[in-house]
Amino acid sequence: MGVSMETAEAWVARWERQQQRYAVDREERFTVITDVVEHATAGRSRPLLLDLGCGPGSLSARLAARLPDAEIVAVDMDPLLLELGRTHHADTARYVDAVIGADGWTDTLGLDRPLDAAVSTTALHYLPEPVLLDTYRRLAALLRPGGVLVNGDHFPPREAPCARLTAYVGRRRAERTGSHAHEDWRSWWAAAARDPELADLFAERERRLAALGGGGGDEELAACRHAELLRQAGFRHVTPVWQFGDSAVLVAVKEDGGA
C-alpha cells in the first residue's frame, strides 16, 4: 500500500495548503511550538520527542529542521496520512500506527527512555474528556522531570459571546492572509479518494473510521478546562504561550524537583 515519492510530495503540499484554512497563523504556531521544545531541550544532546496525531509529518518536519539531533516518534491512526509522512518525510521521524487514547497505545511507541517533549497540533480536541484526562496522565508518566507537553489547538472560550468574538477574529485574519481561499478538509479527502495510488490506503482508512464509530467527536474544550485536566494529570505548571482568536499554544511542564 505504499505510494511514490512524487505522489506523496504532491499530496503533502496540498495538505499543507488545506490546513491553513483551519489554523490561524499556522506557520507561526508551529514556530512557537518549536521554540518551546528548543527551550525545554537546551543542552540535551539527543532529545526524544513525541508528535501526537502527526498526520503526514508537518510538525515533525519542522521540529527536525530546527533540532536535527532530536529523535522524533510520530504517532497517528490514519494509514493514508502516515504513509504520506513515511514517504515524503522519511528521515524526519519514526512513524507509529496507533489510536491515541486506546488501551495500551503508549506500549506501541517503543520508547526506551523518558520523553523530553510531547507535542500536538489540532489532534487532541476529538478525544472525549475522560479519555483526554487519561491521555494526559499517560503522557505525564512518559515525560522526564522538566519535560513539556505542548498542545496547539482550537480552544474556544466557555462563554458564548467570547467564543463568537474569538472565532470572528480568526476568520478575519484568515481573510486578510488569503488562507480561507484554499481547498477545505472535505474536498481534500474527496480528491484523495479518487487517486488510484491512494485507493488501498483510503479503503483501510474508511474501515478503521467505521470500526471507531466515525473517528471521534469534537469536544472543543476551553483552554482553562484543558489546564484543569492537565493539573489533575500531574502537571503543576500550565500556561498559554501564544494565542490568536481561539487558536492557542498551551504548555504543561512536568515538575523537575527544582521548580
Side-chain angles (χ1 to χ4, degrees), residues 12-13 15-76 81-82 84-86 88-96 100 109 111 113-125 135-136 139-140 142-155 170 173 177 179 223 226-227 230 235 237-254 256:
V12 169
W15 176 268
E16 294 285 335
R17 292 192 296 271
Q18 174 253 123
Q19 285 289 291
Q20 291 179 37
R21 288 181 62 102
Y22 303 103
V24 179
D25 280 353
R26 180 172 181 256
E27 201 61 47
E28 177 65 13
R29 190 168 73 178
F30 279 143
T31 299
V32 169
I33 291 171
T34 308
D35 287 342
V36 173
V37 175
E38 182 180 60
H39 175 79
T41 61
R44 304 187 73 85
S45 60
R46 188 170 162 262
L48 179 59
L49 316 178
L50 176 63
D51 184 0
L52 299 153
C54 63
S58 301
L59 178 53
S60 288
R62 288 159 174 84
L63 288 166
R66 178 88 71 87
L67 304 167
D69 295 328
E71 177 186 350
I72 302 173
V73 179
V75 59
D76 205 296
L81 296 180
L82 280 172
L84 293 180
R86 287 193 185 105
H88 185 61
H89 295 303
D91 299 327
T92 291
R94 172 168 62 84
Y95 293 88
V96 176
I100 296 168
L109 301 177
L111 304 178
R113 56 196 172 101
L115 291 168
D116 292 286
V119 301
S120 182
T121 55
T122 55
L124 299 181
H125 59 257
T135 298
Y136 282 158
L139 292 170
L142 292 175
L143 284 162
R144 64 163 173 84
V148 294
L149 170 57
V150 193
N151 187 13
D153 212 330
H154 305 291
F155 301 105
R173 175 64 174 171
T177 60
S179 57
H226 277 269
L230 286 162
F235 293 94
H237 311 289
V238 184
T239 185
V241 295
W242 178 88
Q243 180 177 358
F244 199 109
D246 60 15
S247 180
V249 175
L250 191 65
V251 180
V253 184
K254 184 172 179 178
D256 62 5

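Please read these numbers as outputs of a predicted model, since none were measured by experiment. When reading the values below, keep in mind they use all heavy atoms of this one structure, side chains included, and skip hydrogens, waters and symmetry mates.
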List the atom of Arg62, the atom of Glu27, and the distance in Å for their closest heavy-atom pair. NE-OE2, 2.7 Å
Distance alone, cut at 3.5 Å: any donor-acceptor contact between the side chains of Tyr136 and His226? yes
Backbone N/O of Gly147 and side chain of Lys254: donor-acceptor pair under 3.5 Å: no
Spatial distance of atom CG (Leu109) from atom CG (Leu48) [nearest 0.5 Å]: 9.5 Å
Residues which pass side chain to side chain contact (heavy atoms under 4.5 Å, CB included) with Ala123, listed by chain and number, not counting sequence neighbours: Ser120
Quick one: list whatever passes side-chain hydrogen bond (donor to acceptor under 3.5 Å, both in side chains) with Thr177, sequence neighbours left out. Ser179
Is there a side-chain contact between Asn151 and Leu230 (heavy atoms, below 4.5 Å)? no
Tell me every residue that passes side-chain hydrogen bond (donor to acceptor under 3.5 Å, both in side chains) with Ser60, counting only those two or more places apart in sequence or in another chain. Asp51
Would you say the side-chain atoms of His88 pair up with the backbone N or O of Gly57, donor to acceptor, closer than 3.5 Å? no
Do Glu16 and Ser58 have side-chain heavy atoms sitting under 4.5 Å apart? yes
For residues 239-252, please give each side-chain donor-acceptor pair under 3.5 Å, one per line with the distance, not counting sequence neighbours.
residue: Gln243; atom: NE2; partner: Gly245; partner atom: O; Å: 2.8
residue: Ser247; atom: OG; partner: Arg29; partner atom: NH1; Å: 2.8

Taking the side chain as everything from C-beta on, heavy atoms only, tell me whether Val96 gets closer than 4.5 Å to Cys54. no
So among Ile100, Asp76, Leu59, which one has a side chain to side chain contact (heavy atoms under 4.5 Å, CB included) with Leu52? Ile100
Considering the options Val119, Leu149, Leu143, Leu139, which one meets the side chain to side chain contact (heavy atoms under 4.5 Å, CB included) requirement together with Leu50? Leu139
To the nearest 0.5 Å, how far apart are CZ in Arg46 and CG in Leu67? 13.5 Å
Contacts of type side-chain hydrogen bond (donor to acceptor under 3.5 Å, both in side chains), residue Arg66, not counting sequence neighbours: Asp35, Glu38
Check: Thr121 and Gln19 side chains under 4.5 Å, non-hydrogen atoms: no
For Tyr95 versus Gly85, what's the shortest heavy-atom pair and its separation? OH-O, 3.3 Å
In terms of heavy-atom contacts, Ile72 and Leu63 come closest through CD1-CB, 4.0 Å
Counterpart residues, side-chain hydrogen bond (donor to acceptor under 3.5 Å, both in side chains), relative to Asp116 (two or more places apart): Arg44, Arg144
